Amino acid sequence: MATPLENYLSACNGKPNVAMTAYVANLQQVASVNPSIAADIVNEIDNQRSHLKLIASENYSSLAVQAAMGNILTDKYAEGYPEHRYYGGCVNVDAVESTAAREAENLFGADYAYVQPHSGADTNLVAYWAILSAKVEAPALEELGVKSLNDLTAEQFDALRKRLGNQRLMGLDYSCGGHLTHGYKMNVSARMFESHPYGVDKETGLLDYDAIEKQAMEVKPLILLTGYSAYPRKINFKRFREIADKCGAVLMVDMAHFAGLVAGKVFTGDYDPVKWADVVTTTTHKTLRGPRGAMILCKKEFADYVNKGCPTVLGGPLPHVMAAKALAFKEANTKEYQEYAHQVVKNAQALAKALQDLGVRLQTDGTDNHLMLADVTSYGLTGKQAEAAMFECGVTVNANALPYDKNGAWWTSGLRLGTPALTTLGMKEDEMKEVASIIDFVLKGTKPGLTKEGKPAKGKINLDPAVKEAASKRVQALLSKFVLYPELDLDFLKKEFVK
Ligand code: DSN
């Protein structure tokens, strides 16, 4: 029996396309071990191709970025950093990591890049410990006249641990759009640090820099942290720098959500975190459109401490993912990418305006980044219900709490909507009007489901089947004009790998 690759090569009239050849060959190898995993991969292409992806933190990486991750680099241990490893034979990983780091420095104009972290959560942990090491541990060792932790007595080490555990962090409150790792009680960050979150203004929903300054002068945090998961406005990092200098804090920025807008030169000057912060963390897979992973950019002063990500927090890096990061940073350092980044914001603003024209209330009345927070309570729904209704019609979004949300962090009153992925597909302002209209149509056609006792149930929906059918058709009509990875012949992949 012919293999999938043979079938493809004989069906392509002597003109194999690189992407299809690579995908078919890879899937064939995967299927030879476990066909169900190959089927899952093909089904995921199908799923992502047949849904409008409005998740603000997701995107579509290039096929080159994906290809860089599937190879032998995954087999190499490389704890340490280039030319300073705990394992032999790291010459090629050194080259990969150094290339990725230099590409990142070049792209963002950073003094130093550390590209090993695997995710946004662990990159923040590495950054926290780099700052603690630089600002608390190193001075303590110097006071005691020793060079290393190993030179401390048990009592001295115990005293140092207490000192490290006694520091203050001031980040944006989780309920106001901050991230779990910015000092939320359920996260290790609030157990490691004494956490003093700041909020947004109750009336406007905006960061109030004067109020933050006042709080910072009272709290005197070791780390003043800004950045967000769900805040629809740009941040004035110059102002944050002034506050940090005034209260004596290290300024850290988590730009995971908007790194692509910094790379793409949408956020410049006072709004460029790399220029103003001591330490900047980011994931690489959101607006930046690289592989799932993370990194740290920092000023020279912190480079040696950041390099100690392993052994402080991390184990072995993922060399195959660092290879993919190197490609993504190079892709982002182009005119095309800058145009993409600007279009992401234009699309977000067009979507916001269209929703507002339909009567939807948006947190802060709009957006100047890639995301917005829509209040769905005017439709009589919770965020969770709205999320479920949208998914049934082929639109992927996530429920999100609005600041000071009466429905709490689980059910929520809002939807977080983002444009990075749809912009990668090539959609523009006109398509955003259609997306807004579909959202409004679906939510108007959805009622809360009922409990057995006939009371409205926060987690259930009653979606009008006619609305579902019509909305799904509109979603598919839109997507048919903007096909994800058009190089990939999905019907062929399904026929060969989804039995
Ligand atoms: N999960 C990411 C987001 O959606 O914002 C952050 O962790």
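Note that the numbering runs from 1 along the sequence shown for the chain. Side chains included, hydrogens not; waters and symmetry mates left out as well; all remaining heavy atoms used. Whatever order the structure lists ligands and atoms in, that order sets their numbers, starting from 1. All of these numbers come straight from a predicted model, not from anything done at the bench.
Across G227 and F258, no two heavy atoms sit closer than the pair CA-CE2, 4.4 Å.
Every atom of ligand 1 with a heavy atom of H257 under 4.0 Å away is listed here by number and element: 3 (C), 5 (O). For ligand 1, the atoms closer than 4.0 angstrom to any heavy atom of R416 are 3 (C), 4 (O), 5 (O). When each atom of ligand 1 is checked for a heavy atom of S229 under 4.0 Å away, the hits are 5 (O), 6 (C). Ligand-side atoms of ligand 1 in range of H179: 6 (C), 7 (O), range being under 4.0 angstrom from any heavy atom. Applying the 4.0 Å criterion to heavy atoms of S57 picks out, from ligand 1, the atoms 3 (C), 4 (O), 5 (O).
Between H51 and F391, the ring center distance clears the sub-6.0 Å criterion.
Any N or O atom pair closer than 3.5 Å counts here, and K286 shares no such pair with ligand 1.
Within a 4.0 Å radius of atom 1 (N) of ligand 1, the protein has no heavy atom.
A donor-acceptor contact under 3.5 angstrom links the side chains of Q116 and E97, judged on distance only. With hydrogens and angles left out, the side-chain atoms of S437 and D440 include no donor and acceptor closer than 3.5 Å.
With a 6.0 Å cutoff to the six-membered ring centre and a 45° limit on the axis angle, R49 does not count as a cation-pi contact of Y485.
Using a 4.0 Å cut-off between charged nitrogen and carboxylate oxygen, D278 and K135 do not count as a salt-bridge pair.
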